[in-house]
Amino acid sequence: MNFEPLHLLQDAGLLSPMQAEAIHTYLSTFGGSLLNAIAVQPDLDVPALWQELARSQDRLFIGALRDASPLEAHLLTRDMATQYLVLGHVLELQTVRLITPNPFLSSTSLQPLREALRSKVPGGAFTLPRVRLEVCPPQLWKTIYDLSYPVTPYTPPLSEAEAVALASLTPRTEFGNRSLAELRRCQVVTPEQYAEAFARRLDLPYIHPHTYPLERDLFRQIPLHMFNATGQLPYLRLGDRHLLTVSPEEPSPQAAELYMRVLGYQISPAIVSTTTFDTLTLEATTNAAD
C-alpha cells in the first residue's frame, strides 16, 4: 500500500502523529484503502481536511450538494464513473470538470478518459479535451453519484465490482476478477464496505450505527422470538406501525409476512455489517421483551 499521501499530510501539519497512528491501526485491523481509513476517523474533520487538500492543489472544493449544481451527469457513463472514480460536473468549451472523492488523484491518470470524452466537446475530433478535477468529501461524492445514476427498473443492476468501487471509493479496475466475498477475506474491503456493497447490490439501504442511531427501546417492545424467527432486528420507527429492520443477509419475504401477521408491523429491511449485527443481537438478547 502506498502510504505517501499519509506522510504528505503529516509533513503539511494536517495530521498529528496520534491521528496517523490511528489510521495505521485501522488499516491493520480492518483492511481497506488508505483513503477510506483517513475518511472514517471520528476525530478528523474530513470536510475541512478535504477542503485544505483541494486548496493546496488549486482545485475547487465542493462542500455541499448545492455546490455541485448544475450537474451534467451525461458526460460520463456509469462504467466510466466507477472505473475512474470521477463524476461529470460541467462542460465548459473544451474543459470537462470532474468531481472526485480522492484529493490525491492525479489528472495524468485520467488520460484514457480524455480520449473517451472527445465526443462530448466542441472540436473533440481534432484535440483532446482538458480535464479539471474538483474535490468533495467521500460521503457527499456517493450522494452525487446516486443522483447522477439513479436506480430504475430500466437500469441494469450494479455488478459486484461496481458496488465495491462505490463502497470502498477505489477504482473498479483495481479489483480484477475477485468476488466480493474474496475481497472481504483478503481485507481489501472492510466489514462496513462489504455491507455497503452488498446493500447496493440488493438496492437496499445500508445502515451504519454512527450515522443512524438505534432506537433501543424497540428491543423491549418487540418479542425476542421475532428476532430469532425472522433474522430481522428492529432498528428505527418509520411510522406508527412501520419499522426499519436490519440484517447482514438478504431479507426474505417471509420475515415481512411474519412481522405483519404476528405484530401488525410493516417492515422495511436494511443491511448492516456482521460486526454491527452481532453487537445489536447481543443487546437485543439482553433487553428484549419476554
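By convention here, the first residue in the shown sequence is residue 1.
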Undergrad: Could you go through Met260 and Ile267, starting from their C-alpha distance and side-chain angles, then the distance that decides it, and tell me whether this counts as side-chain contact (heavy atoms from CB on, under 4.5 Å)?
TA: CA-CA 8 Å; Met260 178 57 71; Ile267 65 169; over 6 Å; no
Undergrad: Going through the checks in order, is the side-chain contact (heavy atoms from CB on, under 4.5 Å) test met by Leu98 and Leu113?
TA: CA-CA 11 Å; Leu98 303 175; Leu113 188 59; 3.8 Å; yes
Undergrad: Quick one: closest heavy-atom pair of Ala81 and Tyr145, and the distance?
TA: CB-CE1, 4.3 Å
Undergrad: If you measure from CZ on Arg201 to CD1 on Ile271, what distance do you get to the nearest 0.5 Å?
TA: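 Result: 12.5 Å between the selected atoms.
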Undergrad: Tell me yes or no: between the side chains of His89 and Glu134, is some donor less than 3.5 Å from an acceptor?
TA: yes
Undergrad: If you compare all heavy atoms of Tyr84 against all heavy atoms of Pro112, which two are closest, and at what distance to 0.1 Å?
TA: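 Where Tyr84 meets Pro112 most closely, the heavy atoms are OH-CB, 3.2 Å.
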Undergrad: Within the 4.5 Å heavy-atom criterion, are Leu133 and Val86 side-chain neighbours or not?
TA: yes
Undergrad: Is it the case that one hydrophobic cluster holds both Leu35 and Val188, taking links as side-chain heavy atoms less than 4.5 Å apart, direct or via other members?
TA: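 No; Val188 is not reachable from Leu35 via cluster members.
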Undergrad: Test your reading of the model: is there a side-chain donor-acceptor pair from Ser69 to the backbone of Arg66, 3.5 Å cut-off?
TA: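 Side chain of Ser69 to backbone of Arg66, a donor-acceptor pair under 3.5 Å: no, none is there.
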Undergrad: Which atom names give the shortest non-hydrogen contact between Leu169 and Pro138, and what distance separates them?
TA: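 That would be CD1-CB, 3.2 Å.
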Undergrad: Could you go step by step and tell me if Glu250 and Leu204 meet the side-chain contact (heavy atoms from CB on, under 4.5 Å) rule?
TA: CA-CA 9 Å; Glu250 183 173 0; Leu204 289 174; 5.8 Å; no
Undergrad: Linking I/L/V/M/F/W/Y whenever their side-chain heavy atoms sit closer than 4.5 Å, directly or via other members, would Val90 and Trp141 fall into one cluster?
TA: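 Not linked; separate clusters.
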Undergrad: Rounded to the nearest 0.5 Å, how far does CD of Gln57 lie from CZ of Phe104?
TA: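 Output value for this atom pair is 8.0 Å.
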Undergrad: How many angstroms lie between OG in Ser179 and CD in Glu160, if you round to the nearest 0.5 Å?
TA: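 CD of Glu160 is found 6.0 Å from OG of Ser179.
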Undergrad: Return the CD to CG distance between Glu283 and Leu214, rounded to the nearest 0.5 Å.
TA: 6.0 Å
Undergrad: Mind listing the closest non-hydrogen atom pair of Lys142 and Leu166 along with its distance?
TA: CE-O, 3.0 Å
Undergrad: Hey, any chance Leu158 and Tyr194 share a hydrophobic cluster, counting ILVMFWY side chains that come within less than 4.5 Å of each other, even indirectly?
TA: no
Undergrad: Using modelled atom types and a 3.5 Å cut-off, is there a donor and acceptor pairing between side-chain atoms of Arg172 and backbone atoms of Asp79?
TA: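 It does hold such a pair.
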Undergrad: Rounded to the nearest 0.5 Å, what separates atom CG in Asp217 from atom CD in Glu215?
TA: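 Answer rounded to 0.5 Å: 6.0 Å.
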Undergrad: Under a 3.5 Å cutoff, is there a donor and acceptor pairing between the side chains of Ser273 and Thr276?
TA: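 Indeed, the side chains of Ser273 and Thr276 share at least one donor-acceptor pair under 3.5 Å.
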Undergrad: Quick check: do Tyr235 and Leu218 have side-chain heavy atoms less than 4.5 Å from each other?
TA: no
Undergrad: Could you tell me whether the side chain of Asp67 and the main chain of Ala64 form a donor-acceptor pair under 3.5 Å?
TA: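 At least one qualifying donor-acceptor pair exists.
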Undergrad: Does Arg114 use its side chain to pair, donor to acceptor, with the backbone of Val131 at less than 3.5 Å?
TA: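 Pair absent, no side-chain N/O of Arg114 close to backbone of Val131.
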Undergrad: Which atom names give the shortest non-hydrogen contact between Ile38 and Leu44, and what distance separates them?
TA: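 For Ile38 and Leu44, the tightest heavy-atom pair comes out as O-CD1, 3.5 Å.
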Undergrad: Output yes when a side-chain donor or acceptor of Thr95 lies under 3.5 Å from a complementary backbone atom of Leu91, and no otherwise.
TA: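 Flag not set: sc Thr95 to bb Leu91 has no pair under 3.5 Å.
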Undergrad: Could you list the cluster mates of Val151? Members are the ILVMFWY residues connected by side-chain heavy atoms closer than 4.5 Å, either directly or through other members.
TA: none
Undergrad: In chain order, what residues pass the salt bridge (charged side-chain N to carboxylate O under 4.0 Å, His left out) check against Glu162, with sequence neighbours excluded?
TA: Arg78
Undergrad: Parallel, tilted or perpendicular for His208 and Tyr206, by the 30°/60° rule?
TA: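 Taking Tyr206 first and then His208, their aromatic rings stand perpendicular (interplane angle over 60°).
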Undergrad: Supply the members, apart from Phe30, of the Ile/Leu/Val/Met/Phe/Trp/Tyr cluster built from side-chain contacts under 4.5 Å; use none for a lone residue.
TA: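 Members other than Phe30 - counting any ILVMFWY side chain reachable under 4.5 Å - are Tyr26, Val40.
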Undergrad: In the single-linkage hydrophobic clustering (I, L, V, M, F, W, Y; side-chain heavy atoms under 4.5 Å), do Val164 and Leu85 co-cluster?
TA: no
Undergrad: Between Arg237 and Gln221, is any side-chain donor less than 3.5 angstrom from a side-chain acceptor?
TA: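 Yes.
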Undergrad: Transitively linked via ILVMFWY side-chain contacts under 4.5 Å: Phe277 with Leu180?
TA: no
Undergrad: Evaluate salt bridge (Lys or Arg N to Asp or Glu O under 4.0 Å) for Arg185 paired with Glu182, printing each intermediate quantity in order.
TA: CA-CA 5 Å; Arg185 283 196 303 271; Glu182 184 181 356; 5.0 Å; no
Undergrad: Might you point out which heavy atoms bring Ala37 and Ile23 nearest each other, and give the distance in Å?
TA: CB-CG2, 3.9 Å
Undergrad: Please confirm whether the backbone N or O of Thr108 pairs with a side-chain atom of Gln111, one donor and one acceptor, at under 3.5 Å?
TA: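 Not at all, since once roles are kept as given, no pair shorter than 3.5 Å links the two residues.
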